[in-house]
4 protein chains.
Amino acid sequence: MATDKAWGGRFSAELDAGAARFLESVSFDKRLADEDLRGSLAHAEMLGSIGVLSPEEVRALTEGLSALRDTVRAGDFPWDPAREDVHMNLEAALGPAGQRLHTGRSRNDQVATDLRLWARGACASVGALVDRLALALVDRAEGEIDTLLPAYTHVQRAQPNRLAHHLLAWVEMLERDRGRLDDCSRRLNECPLGSGAVCATTFPLDRERTARALGFLRPTRNSVDATADRDFLVELLAALAITATHLSRLAEELVWWSTQEFGFVELADAHATGSSMMPQKKNPDVAEVVRAKVGRVVGDLVALLVVLKGLPLGYNRDLQEDKAPCFDAVDTVSASLAVLADTITHLRFDRPRMRAALGHGFVTATEVADWLVTRGVAFREAHGVAGRLVALCLARGVELSGLPLDAWREVHPAFTEDVFRALDPEVAVERRDVFGGPARRRVLEALADARARLDARRGPTP
Amino acid sequence: MATDKAWGGRFSAELDAGAARFLESVSFDKRLADEDLRGSLAHAEMLGSIGVLSPEEVRALTEGLSALRDTVRAGDFPWDPAREDVHMNLEAALGPAGQRLHTGRSRNDQVATDLRLWARGACASVGALVDRLALALVDRAEGEIDTLLPAYTHVQRAQPNRLAHHLLAWVEMLERDRGRLDDCSRRLNECPLGSGAVCATTFPLDRERTARALGFLRPTRNSVDATADRDFLVELLAALAITATHLSRLAEELVWWSTQEFGFVELADAHATGSSMMPQKKNPDVAEVVRAKVGRVVGDLVALLVVLKGLPLGYNRDLQEDKAPCFDAVDTVSASLAVLADTITHLRFDRPRMRAALGHGFVTATEVADWLVTRGVAFREAHGVAGRLVALCLARGVELSGLPLDAWREVHPAFTEDVFRALDPEVAVERRDVFGGPARRRVLEALADARARLDARRGPTP
Amino acid sequence: MATDKAWGGRFSAELDAGAARFLESVSFDKRLADEDLRGSLAHAEMLGSIGVLSPEEVRALTEGLSALRDTVRAGDFPWDPAREDVHMNLEAALGPAGQRLHTGRSRNDQVATDLRLWARGACASVGALVDRLALALVDRAEGEIDTLLPAYTHVQRAQPNRLAHHLLAWVEMLERDRGRLDDCSRRLNECPLGSGAVCATTFPLDRERTARALGFLRPTRNSVDATADRDFLVELLAALAITATHLSRLAEELVWWSTQEFGFVELADAHATGSSMMPQKKNPDVAEVVRAKVGRVVGDLVALLVVLKGLPLGYNRDLQEDKAPCFDAVDTVSASLAVLADTITHLRFDRPRMRAALGHGFVTATEVADWLVTRGVAFREAHGVAGRLVALCLARGVELSGLPLDAWREVHPAFTEDVFRALDPEVAVERRDVFGGPARRRVLEALADARARLDARRGPTP
Amino acid sequence: MATDKAWGGRFSAELDAGAARFLESVSFDKRLADEDLRGSLAHAEMLGSIGVLSPEEVRALTEGLSALRDTVRAGDFPWDPAREDVHMNLEAALGPAGQRLHTGRSRNDQVATDLRLWARGACASVGALVDRLALALVDRAEGEIDTLLPAYTHVQRAQPNRLAHHLLAWVEMLERDRGRLDDCSRRLNECPLGSGAVCATTFPLDRERTARALGFLRPTRNSVDATADRDFLVELLAALAITATHLSRLAEELVWWSTQEFGFVELADAHATGSSMMPQKKNPDVAEVVRAKVGRVVGDLVALLVVLKGLPLGYNRDLQEDKAPCFDAVDTVSASLAVLADTITHLRFDRPRMRAALGHGFVTATEVADWLVTRGVAFREAHGVAGRLVALCLARGVELSGLPLDAWREVHPAFTEDVFRALDPEVAVERRDVFGGPARRRVLEALADARARLDARRGPTP
């Protein structure tokens, strides 16, 4: 008879060694040990409160669980793959008392609780790293309030911009990333304990008490749903995939801005690497790997969606495959956020090269069109006029500022000397003085606003 | 010179016909026509309010836009692929007045506004369909409060359950689906108008006014971000993918429950199909196709994530590829929700077969273990005892109720005649009397609670 | 009684209108009409050959099917969504004779046959477009045999290269893309006809004959597999996703090479677009959209994988969802290949800017290291020496060629005047004279080899 | 100065510790150690053959590499994350001699070679496991040649089938899976060595020689392509994803067939698990986890596609992210194949329950229609007649065999006593006597054919 498992009674043969190896999860779900022990502690105390366990039993369990927690945290716990998973490993370590702990609880509601505790923690820790990167960007933006560079669309020079305004675009994305993590955390914050394997439990558990003890808002409302769904993990993965996508975009920008051709940034030596063959190389490997990491995270998201597709109720063992993608995505995004924050902090912006880039590429051609519009020309016509001026410049090999007024007037009679002032990037950027625009005062306000939000989330400085 | 486009001035040759065909988007973005016209209306009125347009110009534009709206709604608008996209088509239809409308606006902030308006509407309409399916489930659950069936884990009979409790598990999932759509709608509800192509605009637009007119909470905070990111669409697609996953699971259940082997449900003839070759077949095609549709929606989500990966700021034409996956996913999930609601409403539950399924498979073996636990046996030991009883039954070819008390007592001396009462499914299910469990009063409370939530969202009945 | 369907006999109610709309597939599977008619033709002739149909019946069917083919090709067929799918539409159009055609055939083997015929054709047509793009690249490469530019790694200038060698890298990828399509086409080239709905047929069909008539290599070997699997479509989608990935990479290069910063290429006016707001813009929209399209194709691949996940045997209606992603992916990749071929053909390479880029960024630093190695210095040491020289140049603001010999010798005593010759890009590239390298004669051989392969596939010119 | 890296010369600061941790790959790419050493061995010998290394140097390197190989295989190699990756770890372990090995080689062509060697091996080892599962299925099919069961479509009973024929459907899928792996292996079987970092090498390497020594068909044809593309890994992942999809389908079948409702199979105790709460449970966990594993593999495929999207040439560090998904997918599919083969081998088929399932559900209704067709009734009419007979049976609560002849004749006058013989499943299945059908002799031929193919691949038995 198979006796060493949690479920041996009806079986006449031990689980095949290959199957056991295939099924064991302790090699990765041991990561939930802390959450598992917290859940057990709350469960034990509640069992005491309703008289299922005696005060002595509760005390013994509490002490045992605390001791285990220390052992696990110290990295000293002897995880045994033969004991299937984190739950059975920890229960076995409690000795006979551990068996009592299983009263009114199944591994199905136990693991669902562990996962929600873990996911709640992950939302908080990733959220803090999101803010850390946002803060690094805000810090740098404050120092570059007077740095001008071209804004690009289609990676073509478009209009004059402030570097601070550009950097704040990334901050906005991170703000929403944070919001998604917060929403996810709030929605999942219900306690499955008491849902049993699928149909709750026959013991009169005090579900409110356990929920409160573990910091949940309330108990889950349906035992079948609570043990059989993992949508909160998909939501977490989706939020992480969006964040990773944002990071891939920021990384792409760093890669191209550090080319010899752009030269807008130089990575600190401590955040760049060389080549084993080409001695001159200074490669933006950190940015490249961040860019690539979005692949993993999207892959993790797809993995869990595929796992869940078409699963009937209630719990199926397929759900064991929920953990690896979540752990991987949280680790990946966390590492990417941290390393990018450091990279941004130590980046050198090449202000002269940014400014020089404004001198070519007709980045103030929109100003010319706007100049005409304010003198009564319809926008589409004004746009066409400016386009013809650009074509003329290209043919002559000059910039707009190099074209004599006569030539302007041949294209459109409304032009006067005054138009040349519109070609100054500084003037052009200051004229973009609307909420959300790059005029200096608007950017200063946006910076103050962003910093205030970030400070508010970090709580009071002592 | 290329003159028929919005951008012809600097070009000396027309766009190649093949390239034009490849780039045109009006064949699909015409779906945004209503949103585009609403945005133009708000923009025109605001331009009037700040004196950029005269009252006459505003009136002419307002009338023109309203007329266009009627034409579009009637399906009579002559969409012209040669005019690139929905924006240029509609602007051209306004005649010369349309050109004035482009003052302080670019296609980049225009399309971002259209998309947010559309996505906000999609969240609302899909959300209503989510509620419709939830309501269909609640309606059916109320009629099946006294129907018992096995709850399954691993698709093996596990414990006695109420059908109503089972159906409410799906309602819980839909409740969270609705919540995700609401969060998405709230987060995206900011107005990009005034962000221009990338660096806002030189015109002193009243961004608060346009935002308010269009029902947005506020203007977006950064012009580069507002025109270059589409994370709100990824969030929408992720929410839809989770919903579609839930539906695939419900559909899977319908497929298997309608097999000859389970026979728990029979689809109405009006919601089932036959076979062109096999005359006896009654196939659950609707459920099968719903199950399959999750593929499309996950594919749509992946598509947009891949599009966004590694895009630098600001707007890149790649973003044109954001629309097709979103339209497809919204249509797919909407159709699946509606057809499933109808299918559920007209389903026949085979109560006798469900009840009969409780008579085999030892679904009350947990009760036996619990019976021992309440008599002081540790859970793990009690579990082992019940397992050995099951093994004994299997060897003898009987159910637990068919095993004489002597045999019970040989396995464990604590058993008394009283244990047989624990084998009654009705008793067993009533003993699961915790919040979130299947006891009758708990399910009635859950039903009332679910209905109250759904009613509250539908607003007052007149 | 429901009588207008292929399967009405046992049903007492018509299919619900909403369900019918949800299930109909003719709106997209009509694309298989030609394949369906070819299959029917072969089936009819075979039924005649084994005496199941009389010669008159065969003649009538043959004529009917040919007439239908003309109608369909002319676009005149009145597709009726009420008739479910392409098969029932066409069969109904044949009149009573159509019913006889269903002898020994089910829609399950019929659609499997249609799909294989279609996929075989898709492999051929996409393969031809792959070759067309390869040919465009070879054509351009031949004209740029003497154009030098930096090769990049990490988008940092790495070593001198020939543009022709660079372009041939893309040709190699396309060569493998073609190979995957050919393998896919060969593997799927078996005929399902005769597999029935799942368990073949009771009629003594001549499966070899139909297979041969339709150009298949042989009949499929198992009726259950033939009707229930779609792995050949996943293989097709995977091949297309890889091709689309290659195209996204080529497109990315075009986008960056056409920036003002790189300026390596200028798109023809006929393959570039402007901006509605910024008159100066010349945007690489074609390349951007090609880059984005990979999203759709990866999405399509994921969609079908999700559909197939966990489907039991035999045919399930879920398989209806196999078509949309395949049609979309084939169309998307075909359009991308065609438009890129045109873009490449009309591109202007800016040779002076490419050459100028070799003058900065120490692209011949590897040569310096190699120079030392050929004089007996271990590679790692030589690499370090060259690195220190680069650092010295950076500190002094000079290129390697601007550093006096004394300075070289201070870093390593082995240097002699001769080292300056190694800094000439032309010399450097010619020294890379191995198979697969950029030396002129190697590239000429590679070009001839590529052209010969492409010519061989196109067959003899008349 | 940074001196401990392969590239320190031009850098003035050490790599930041966080960045180093983020970038290191040796924790996972050490898996390529054996391939790396084989590649180095071939490179060293070739360098000797062209006189770049002296015979003594070659001998020293050969001995050093062999010793390292032993150390690595014994698991004794002290991997050091500070040394970045597997290449630098192994090179450092060779001492000063290792530096010479870098002559004419870069990490870019080195890792490309390692990956191709590894992928070739993976194709072979996974292919062997595919065959092992196919063989297990063939073995079981041979024992079940006379076991009848219903074939299902839409999971509804469809027609009588032989279990052996059903099992052979899975064998066909595995046959194609094997074919895809073989094609992938063949296509990637070219040697990148000599491609350098991007533009080959200035040393006159004998690329044919290294290619031959490592079992490659030939050297790669373009140095940029050889170092910058990973399409062969995507192809491998796609092949594995298709295999994993097949396995998920087989697993799904096992899950449902082992329900109490179907009861077609019973898993061996050694391949099933119990429940920690419900003592009666015997759960198909192995099948469930196999079904779920397809999620990981599809996720891995998507991950690499996302990594490659939009990467310009040549090598970018993003490519480092190619390894984790490939290792994971190969391990996952290998484990799934092995555990499924064991599960299949030890499965108990419940022949009486399968046979009993043929007695209900009108699985021979097609035979009735066919019976009419062979008597001159058009198929569609015959199908309708059989459908009405089924409706009649349902109304009366009988099976077709229980309906008296009078009732048959009322529905259609052509029926005679003879029709009852057509209702015998044995007769029905034997009439399906076409190539690829379930008639006994056809299945025996198919079995012999499958076994012959598998035997041929395994080579001669000694």
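A quick note: this is a predicted structure, and the numbers were derived from the prediction, not measured. Residue numbers begin at 1 in each chain, while the letters A, B, ... track the order of the sequences.
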Considering non-hydrogen atoms only, spot the tightest contact between V434(D) and A200(C) and give its length. CG2-CB, 3.7 Å
Quick one: list whatever passes side-chain contact (heavy atoms from CB on, under 4.5 Å) with E190(D), sequence neighbours left out. R116(D), R218(D), T220(D)
Given a strict heavy-atom distance threshold of 4.5 Å, which part of R105(C) is in contact with chain D: side chain, backbone, both, or neither? neither
Could you look at A365(D) and say if it's the side chain, the backbone, both or neither that has a heavy atom under 4.5 Å from chain C? neither
Flag the pair R249(D) and D231(C) as a salt bridge only when some basic side-chain nitrogen lies within less than 4.0 angstrom of an acidic carboxylate oxygen. no
Pick from T201(D), V390(D), L308(D): which one has the most heavy-atom pairs with chain C under 4.5 Å? T201(D)
Criterion side chain to side chain contact (heavy atoms under 4.5 Å, CB included) on L305(C) and L301(D), from CA distance to verdict: CA-CA 11 Å; L305(C) 283 164; L301(D) 169 60; 4.0 Å; yes
Please report the closest heavy-atom contact between G436(D) and R207(C), naming both atoms and the distance. CA-NH1, 3.8 Å
What part of D318(D) is in contact with chain C, defined as an atom under 4.5 angstrom from a non-hydrogen atom: side chain, backbone, both or neither? neither
Hey, could you give me the CG/CG distance between N222(C) and L168(D), rounded to the nearest 0.5 Å? 6.0 Å
Segment of P96(D) engaging chain C (4.5 angstrom heavy-atom cut-off): neither
Tell me which of these, W256(D), W170(D), W257(D), F232(D), has more heavy-atom pairs under 4.5 Å with chain C than the rest. W170(D)
Sidechain-backbone polar pair: D433(C) side chain, P204(D) backbone, donor-acceptor under 3.5 Å: no
With a 4.5 angstrom heavy-atom cut-off, which part of E175(D) approaches chain C: side chain, backbone, both or neither? side chain
I want to check something: taking the side chain as every heavy atom from C-beta on, are N161(D) and V224(C) in contact at a cut-off of under 4.5 Å? yes
If you count heavy-atom pairs under 4.5 Å with chain C, which of R291(D), R442(D), K309(D) comes out on top? K309(D)
Which bit of R180(D) is near chain C, if near means a heavy-atom gap under 4.5 Å: side chain, backbone, both or neither? both
For a 4.5 angstrom cut-off between non-hydrogen side-chain atoms, does D229(D) reach H246(C)? yes
Identify the two heavy atoms, one from P438(D) and one from C199(C), that lie closest to each other, and give their separation to 0.1 Å. CD-O, 3.6 Å
Which atoms of L250(D) are under 4.5 Å from chain C, going by heavy atoms: the side chain, the backbone, both sets, or neither? neither
Scored by heavy-atom pairs under 4.5 Å with chain D, the best of L392(C), V255(C), V234(C), L313(C) is L313(C)
Ignoring hydrogens, what is the shortest heavy-atom contact between R100(C) and V377(D)? Give both atom names and the distance. NH1-O, 4.5 Å
Enter the distance from T245(C):OG1 to L304(D):CG here, rounded to the nearest 0.5 Å. 8.5 Å
Picking from V171(C), V155(C), V198(C), which has the most non-hydrogen pairs under 4.5 angstrom with chain D? V198(C)
Contact origin within L394(D) toward chain C - heavy atom pairs under 4.5 Å: side chain
For chain D, the option from A169(C), A446(C), A391(C) that forms the most heavy-atom pairs under 4.5 Å: A169(C)
Below 4.5 Å, heavy-atom pairs only: which of H166(C), E172(C), Q159(C), M173(C) has the largest tally toward chain D? E172(C)
What are the two closest non-hydrogen atoms of T153(D) and A197(C), and how far apart are they? CG2-O, 3.8 Å
Okay, R221(D) and chain C: the region with an atom under 4.5 Å from a heavy atom over there is both
Starting at CZ of F435(C), measure out to OG of S195(D) and round the result to the nearest 0.5 Å. 9.5 Å
I need the N316(C) CG to Q156(D) CD distance, nearest 0.5 Å. 10.5 Å
Could you have a look at P219(D), G384(D), A378(D) and say which one has the most heavy-atom pairs with chain C under 4.5 angstrom? P219(D)
First locate atom CD1 of I242(C), then atom CZ of R230(D), and finally report the distance between them rounded to the nearest 0.5 Å. 14.0 Å
Tell me which of these, G179(D), A238(D), G194(D), A158(D), has more heavy-atom pairs under 4.5 Å with chain C than the rest. G179(D)
Less than 4.5 Å to any heavy atom of chain C: does that hold for the side chain of A251(D), its backbone, both, or neither? neither
Go through the atoms of D206(C) and report whether side chain, backbone, both or neither lie under 4.5 Å from a heavy atom of chain D. neither
Chi angles and distances behind the salt bridge (charged side-chain N to carboxylate O under 4.0 Å, His left out) call for D225(C), R176(D): CA-CA 11 Å; D225(C) 168 56; R176(D) 290 190 298 275; 2.8 Å; yes
Chain D contact via E430(C) - side chain, backbone, both or neither, heavy atoms under 4.5 Å: neither
Against chain C, work out which of E253(D), H154(D), R187(D) has the most heavy-atom pairs shorter than 4.5 Å and name it. R187(D)
For each of P312(C), A386(C), G437(C), tally heavy-atom pairs with chain D at distances under 4.5 Å, and name the one with the top tally. P312(C)
Residues V373(D), T202(C); criterion side chain to side chain contact (heavy atoms under 4.5 Å, CB included); working and verdict: CA-CA 11 Å; V373(D) 170; T202(C) 56; over 6 Å; no
Name the region of A228(C), side chain, backbone, both or neither, that has any atom closer than 4.5 Å to a heavy atom of chain D. both
Does any backbone or side-chain atom of E367(D) lie under 4.5 Å from a heavy atom of chain C? Answer side chain, backbone, both or neither. side chain
Between G310(D) and S248(C), which heavy-atom pair has the shortest distance, and what is it? N-OG, 2.9 Å
So, taking the atom named CZ in R431(D) and the one named CZ in F203(C), what distance separates them when rounded to the nearest 0.5 Å? 7.5 Å
If I measure from the heavy atoms of chain C, does V302(D) come under 4.5 Å with its side chain, its backbone, both, or neither? side chain
Heavy-atom contact with chain C under 4.5 Å, split by part of V294(D): side chain
